[in-house]
Amino acid sequence: MTCFYRVAAVVCAYYASAYRVQHSDGMQGMGMLQAGPEGDLRAAAVKSFKPPTVWMPTIDFQKLFFPRIELERHSNTSVFEQTRSFMEEDNPRGWAKNWSSTIGFGVGFKNESGVDAQGLRKEWLSLCLQSIVMPEGHEKAGLECIKSGSCGADAGTQYLLEALPTGELIPIRWEEEEAESKWSGRVGSVLKFAYGAYDKAYETVLGAKASIPYAARKRFKFLGKWLARAYIISGLGYAPMGLHSLIYKSLLAGHAVAPESEPFYSEEDTIPACEKMAAIAQRRSPQELQSYGWLSCDEIKDPETGKYTQPSCYKPIYKDEMMWDALYLAWGPLAPDGAKADDTVPFAQAREFTELRCEESWKRFEEPVNSMVEGFHEVIPSDSEFYNLLNGNSETLGHLIEGNSEVDLDELWEAIEWGWGWTDEEQQVLRQALEEMQEEGKDLPPVKRPLNKLLRFFTGSFKQPVEGWKNSKVEFVRKRTERCIPLVGKTCFNELRIPSGCLESSHKLKEMIAESVVTEDFGIE
């Protein structure tokens with residue numbers, strides 16, 4: 001009889017795992033609810049969140065009841081790709097669990113001995129998004145994930161987003177490079193003609209082909225799902241970086257929204273498709289807009305009119321024949337019938353080429369954003385009360401996802417639990433250092449601000465907690481030592497260990513903080 005009960009239990013678990021995954025508690029995968037409008041929005045999102053049906057029978061009780069994602073911090077696979085693989089392939093049950101609970105869901109980093117008391121989860125939420133943001137100055141070559149949908153074995157090929165000078169994230173702007181050798185010779189010419197005929201037939205029957213491959217669109221869809229699941233429903237923390245305001249408007253509208261822009265060039269010189277990209281980039285330099293960028297501009301404005309003083313600021317490159325001939329631009333993949341990819345674009349077709357380029361650039365913004373919207377609305381359905389409460393306010397949605405990048409120092413200070421041995425003078429030095437760091441980062445994106453970087457060092461997040469500091473325990477430990485040695489951050493417990501040898505002056509302390517938080521290891525011993 002005992003054996004029968006054991007077999008029955010296994011069979012029940014096997015078949016139960018094939019049904020819709022249920023939430024592990026009444027909070028439906030969400031942390032502590034906030035009071036006020038933001039709390040109401042999160043509550044509405046949680047109420048409408050329906051986990052996917054998982055048809056993956058298993059008798060692995062850990063996978064079934066206690067899913068745990070094991071991540072590699074330094075890997076050839078980005079944290080985003082590791083997360084996507086786990087949630088969509090390895091164990092989709094983890095998607096529906098309460099990510100705030102330490103019982104039904106776990107997060108760990110391989111070869112690290114950290115304790116998962118929500119600190120590791122906050123790191124995970126930050127690192128997942130950060131891992132697909134292309135670093136400043138990175139070459140836009142070899143981005144297989146977005147260009148071909150086939151991610152390479154190097155995490156550096158797996159970027160999906162880039163940051164504008166404002167710090168806002170957008171899908172990576174990239175130019176397709178076509179090797180002419182692919183179409184060389186008589187056979188190549190025949191193949192090129194055949195592929196061209198196929199493309200035209202495809203567009204006639206099914207509409208315009210997508211600019212980015214299906215596999216890349218799947219990744220952007222998961223990104224949309226992640227924004228809703230991680231930063232709204234979980235209640236664990238905010239996104240480390242902010243998205244472009246147009247993306248938030250699109251998430252609300254249910255489709256990619258075209259931006260609005262004020263007239264800049266003359267009506268004759270304006271190209272509508274290029275204006276979209278100008279509005280997104282929020283600048284008109286050739287670096288952002290190529291041949292639609294201004295001819296030259298020192299960006300000095302008349303204080304009375306607010307307009308640029310240099311006339312060439314209001315003339316696009318494509319309108320200047322001398323500059324156009326000097327650029328020696330080739331058609332590339334935009335080559336029209338009768339032209340080759342390596343043929344130089346004549347000045348007579350400068351506008352045509354510029355318009356084609358802008359249209360392709362807009363598609364490479366529009367398509368990823370539509371995929372993100374699709375994923376977002378899969379997690380928080382379009383008929384959810386969540387959208388009624390937002391009432392079309394995309395700024396509120398943005399704040400819900402990315403929070404406030406400003407650190408409330410007074411509230412943080414009140415939340416600190418001081419370890420043994422602190423003197424009033426040492427606390428004053430620390431407070432002065434924190435205030436100076438806050439001032440130094442005033443005009444920088446959150447991920448570059450000294451105070452926000454320190455916050456991430458010992459809490460795992462660039463932003464303050466979703467529910468504020470009042471409900472969060474923060475411990476500052478004074479490490480007794482005569483030398484000023486690196487600080488240690490314990491993200492598991494929101495703990496910062498500060499050597500007493502660094503507390504002689506705010507300058508000395510800031511120098512060691514800057515040295516300590518450079519590493520991506522968050523001070524783990």
- Task: Ignoring hydrogens and angles, tell me if any N or O in the side chain of Glu162 forms a donor-acceptor pair with the backbone of Leu169 under 3.5 Å.
- Result: no
- Item | Residues Glu288, Arg284: salt bridge by 4.0 Å N-O rule | no
- Pairwise distance CD(Glu366) to OG(Ser371) - rounded to 0.5 angstrom: 10.5 Å
- When the ring planes of Tyr265 and Tyr292 are compared, do they come out parallel, tilted or perpendicular, using 30° and 60° as the limits? perpendicular
- Item | Whether over 12 other heavy atoms sit under 6.0 Å from Asp443 CG | no
- Going by atom types alone, do Glu435 and Gln432 pair a side-chain donor with an acceptor below 3.5 Å? no
- Message: Keeping Glu378 on the side-chain end and Lys221 on the backbone end, is there a donor-acceptor pair under 3.5 Å?
- Response: no
- Query: Are the side chains of Ile317 and Trp294 in touch, meaning some heavy atoms are under 4.5 Å apart?
  - Reply: no
- Message: Could you check whether atom NZ of Lys463 has more than 12 heavy atoms from other residues, nucleotides or ligands sitting under 6.0 Å from it?
- Response: yes
- Message: Whether the side chain of Tyr314 engages the backbone of Tyr308 through a donor-acceptor N/O pair (distance < 3.5 Å, no angle test) should be reported.
- Response: yes
- Query: For the residue pair Tyr231 and Trp226, does the interplanar ring angle fall in the parallel (under 30°), tilted (30 to 60°) or perpendicular (over 60°) class?
  - Reply: perpendicular
- Query: Do Arg364's NZ or CZ and the ring of Trp174 fall within the cation-pi criteria of under 6.0 Å and 45°?
  - Reply: yes
- Is the closest side-chain heavy-atom distance between Leu451 and Leu409 below 4.5 Å? yes
- If you draw a 6.0 Å radius around NZ in Lys508, do more than 12 non-hydrogen atoms from other residues or ligands fall strictly inside? yes
- Is Asp320 salt-bridged to Lys315, going by a charged N under 4.0 Å from an acidic O? yes
- SB check Lys249 Glu260 (cutoff 4.0 Å): no
- Test item: side-chain donor near acceptor, Tyr238 and Gln464, under 3.5 Å: no
- Charged N to carboxylate O under 4.0 angstrom, Arg217 versus Glu374? no
- Message: Just by distance, no angles: are the side chains of Glu367 and Asn370 close enough, under 3.5 Å, to form a donor-acceptor pair?
- Response: no
- Message: Using a strict threshold of under 4.0 Å (side-chain N to carboxylate O), is an ion pair present between Glu515 and Lys510?
- Response: no
- Donor-acceptor pair between His507 and Glu436 side chains, under 3.5 angstrom: no
- Message: Show, in sequence, the C-alpha distance, side-chain angles and deciding distance for Lys453 and Phe462, and conclude whether the side-chain contact (heavy atoms from CB on, under 4.5 Å) test is met.
- Response: CA-CA 6 Å; Lys453 288 166 74 174; Phe462 284 104; 4.0 Å; yes
- Message: Ring of Tyr318, cation from Arg351 - is the NZ or CZ under 6.0 Å from the centre and inside 45° of the axis?
- Response: no
- Task: Give a yes-or-no answer on whether the side chains of Glu168 and Gln282 include a donor-acceptor pair shorter than 3.5 Å.
- Result: yes
- Is it true that atom CD of Glu395 has more than 12 heavy atoms of other residues, nucleotides or ligands lying nearer than 6.0 Å? no
- Return the minimal non-hydrogen interatomic distance between Glu402 and Leu243, and the atom names on each side. OE1-N, 3.6 Å
- Query: Do Trp331 and Thr344 have side-chain atoms, one donor and one acceptor, less than 3.5 Å apart?
  - Reply: no
